[in-house]
Chemist: 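Dropping the structure in here first, questions after.
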Amino acid sequence: AKCLQKTDAFLHRSIGTDVVIARAEATRSDESDEKNGRKSLHTLHMERQEQAERSVLISCQSSTNEKKFLKYLSKHGEINKYFFYESYGVYAVVEFANQESVTSLLEGVAIPGGSHESAVPFKSRLLSLRNLGSVDSSNQLSGRQCQPQTTIPINELIKRLSREESIDKQISSLTEAYQLTEENSRLRFLVCSLLKDIATAYFPECTIKPFGSSVNGFGKLGCDLDMLLDLDSITGRNVKLPKSGLSLEYQMKRANSERAVTQSILSVIGECVDQFGPGCVGVQKILNARCPLVRFAHQPSGFQCDLTANNRVAMKSTELLYLYGELDPRVRSLVFTVRCWARAHGVTSSIPGAWITNFSLTVMVLFFLQKRTPPIIPTLDHLRDLAGTIQHSHSGPLRISCRPIAFWASSPMAEAPSAWQGPAAAFDTKVYTYSCCCSRMCFQPALSPSLSLQGKEQNKPEVAPLHIQNPFEASLNVSKNVNASQLDRFVALCQESAWLLQQSETSTPRGGGAGGKGAPTPWGLATLLLPSQVAGIKSRKKRRREPASERIKGLLESLKNKNQLKKS
Ligand code: GTP
Ligand code: MG
């Protein structure tokens, strides 16, 4: 807990001061900072949440006339932004300039009736547009006006990458094709805001915040929506009781542990989402997991949602990943590339299991970038020092040059981006050797407040095939779930990819560029996304299973014999 508090303080210092410094810097306008995406996660959350509160989600008919639709809504106030997308029908996200417009709009919304089914009268900002008049065929909503909410298929991506002229461009193209769009990000915050409306029935001051890849900068279109029910900021927590005299305290029910409280809160909210939540289907309460959660599908957005509570470490990990992603654009690009490669080969999956998670993979990439010469990102220790320097120097002239971003911008690697080998480096033999060593060595990213902060591998503290130290809870292994056969497969695929990139015919463009006819020949990164030759490697697990099944067979035989003996 102490360690967490320290890191907490550190993160707030570093993120908070970054904003202070950004403001202090005279040479850059706020606008250019925004363009460069240099916002703290906290600021991003605040802005997006506020936007979401002023927004509504409307199911439209495909025959809806866009102009009429906007004219109708504008009666309630100025519209800041709107967009359409498809998910089991056409939907519109409409953001008003003022909160009052939403109130005014909702005053005129009808509760559905006239059907043989009865409606649960829970009112939300998820609405349906009805058009009882004539259908206007001009300016109808069509697919082309809809903003895509899913990624392009892998085959199309391979074609797109094959047309690029360099590996650097392939990486940028992949990142561009897969990253969350502005609209998708807005939709994620809007879904959190809609969920919050349900949770506020019990906890009026709560917020629901997205975390994980929805906000850490590494999210791919179509990734799940991790949400945190935040009760930490409700008033009364910081009220200090006077040393003498009268004071009041809330009477509250108590449970055996914080975990038990989390479970009971999630159980009730999960029940509400299930019974009253419009568009929420397939609600599962997974309360006995290490991190209790409620899982469901939000149909109108198409998001698979995981709602957790009291999950501060996950939010801190999100902040840390976000911070690293902001330090250097190459961080996000490489993470996207490696995540996409891993997904294409089934190294990762959306189903929980013995495979490497995207989180583990991201931490591996960060570790890799810390170990470059010169390093591309700082160790956590170094980051902490820089944050400290920034804070101390707030009143002094040194402040700007001490900012992490400036530190890395001055590294020779940043000045010569083409010298960076991109994924070729990520899959090079060092990484392979490194992965091979995993069964003997500790694969500890230099992120935790322990020895490994210096970016050094250590002896593995436990008998897990892969050990990646949790950045905030040093004793925990984030890749504890990974079994030996999955690790074998991962290593074999790394080896194969490294080999492929070393071949001159794979690592150079093969013509059939933008102007060429027919499908371009895959090269570079595109080759790495093609089906692997090592997919069929015999896993250790399979080899081990044989004797186990023999043993079970023997056991069954002996049980049979015993039964026969009893009968006779
Ligand atoms: P995708 O959902 O696969 O796109 O990536 P994600 O980063 O969102 O991963 P996931 O949904 O599995 O987890 C959500 C967030 O929870 C992660 O980004 C981390 O911040 C955190 N998290 C996940 N697994 C672990 C873990 O084992 N340890 C810690 N400390 N945090 C984790
Ligand atoms: Mg996620």
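All values reported here derive from a predicted model rather than from experimental measurement. Every number for a ligand or one of its atoms is a count from 1 in the order of the listing.
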Chemist: Phe303 ring centre to Arg188 NZ or CZ under 6.0 Å, with the angle to the axis within 45°?
Modeler: yes
Chemist: Consider only side-chain N and O atoms of Ser267 and Ser264, and report whether a donor and an acceptor are under 3.5 Å apart.
Modeler: no
Chemist: Among all protein heavy atoms, pick out the one at the shortest distance from atom 13 (O) of ligand 1; state its residue, atom name and that distance to 0.1 Å.
Modeler: Asp226 OD2, 4.2 Å
Chemist: Any side-chain donor-acceptor pair under 3.5 Å between Arg160 and Ser173?
Modeler: no
Chemist: Heavy-atom pairs closer than 4.0 Å: do any link ligand 1 to the side chain of Thr318, the backbone, both, or neither?
Modeler: both
Chemist: Tell me which protein heavy atom sits closest to atom 25 (C) of ligand 1, plus the residue, atom name and distance to 0.1 Å.
Modeler: Phe359 CD2, 3.4 Å
Chemist: Arg339 heavy atoms, cut-off 4.0 Å: which ligand 1 atoms fall inside?
Modeler: 4 (O), 5 (O), 7 (O)
Chemist: With a 4.0 Å cut-off on heavy atoms, does Thr357 reach ligand 1?
Modeler: no
Chemist: Please give the atom name: the N, O or S atom of Asp224 nearest to the Mg ion (ligand 2).
Modeler: OD1
Chemist: For Ser172 and Thr175, does a side-chain donor sit closer than 3.5 Å to a side-chain acceptor?
Modeler: no
Chemist: If you define the side chain from C-beta out and look only at heavy atoms, does anything of Tyr85 sit under 4.5 Å from Val93?
Modeler: yes
Chemist: Would Phe490 and His345 count as a close aromatic pair, with their ring centres under 6.0 Å?
Modeler: no
Chemist: Report yes if some heavy atom in the side chain of Leu229 is under 4.5 Å from a heavy atom in the side chain of Thr308; otherwise report no.
Modeler: no
Chemist: If we set the cut-off at 4.0 Å for heavy atoms, which region of Cys223 has an atom near ligand 1: side chain, backbone, both, or neither?
Modeler: side chain
Chemist: How does Met315 reach ligand 1, if at all, at less than 4.0 Å between non-hydrogen atoms: by side chain, backbone, both, or neither?
Modeler: neither
Chemist: Centroid separation under 6.0 Å, is that true for the rings of Tyr178 and Phe336?
Modeler: no
Chemist: Report the atom name of the nearest N/O/S atom of Asp226 relative to the Mg ion (ligand 2).
Modeler: OD2
Chemist: Test your reading of the structure: does Ala314 have an N or O sitting under 3.5 Å from an N or O of ligand 1?
Modeler: yes
Chemist: Show which atoms of ligand 1 fall inside a sub-4.0 Å distance from at least one heavy-atom site of Asn358.
Modeler: 1 (P), 3 (O), 4 (O), 5 (O)
Chemist: With no hydrogens and no angle check, do the side chains of Thr379 and Gln370 hold a donor and an acceptor under 3.5 Å apart?
Modeler: no
Chemist: Which atoms of ligand 1 have any heavy atom of Ser213 under 4.0 Å away?
Modeler: 1 (P), 2 (O), 4 (O), 5 (O), 6 (P), 7 (O), 8 (O)
Chemist: Within the protein, is there a heavy atom lying under 4.0 Å from atom 20 (O) of ligand 1?
Modeler: yes
Chemist: Relative to ligand 1, is Asn216 under 4.0 angstrom through side chain, backbone, both or neither, heavy atoms considered?
Modeler: side chain
Chemist: Is ligand 1 under 4.0 Å from a heavy atom in the side chain of Phe211, in the backbone, in both, or in neither?
Modeler: side chain
Chemist: Which ligand 1 atoms, with their elements, are less than 4.0 angstrom from a heavy-atom of Val313?
Modeler: 30 (N)
Chemist: Under 3.5 Å, N or O to N or O, is Arg290 touching ligand 1 that way?
Modeler: no
Chemist: Does any non-hydrogen side-chain atom of Leu187 lie less than 4.5 Å from one of Gln149?
Modeler: yes
Chemist: Of the protein's non-hydrogen atoms, which lies at the shortest distance from atom 30 (N) of ligand 1, and what is that distance?
Modeler: Asn470 ND2, 3.0 Å
Chemist: Can a side-chain donor-acceptor contact be found between Gln51 and Glu47 if the only test is distance below 3.5 angstrom?
Modeler: no
Chemist: Could you tell me whether the side chains of Arg186 and Thr181 share a donor-acceptor contact shorter than 3.5 Å?
Modeler: no
Chemist: Please report which non-hydrogen protein atom sits nearest to atom 18 (O) of ligand 1, along with the residue it belongs to and the distance in Å to one decimal place.
Modeler: Gly212 CA, 3.3 Å
Chemist: With a 4.0 Å cut-off, strictly under, does atom 2 (O) of ligand 1 pick up any protein heavy atom?
Modeler: yes
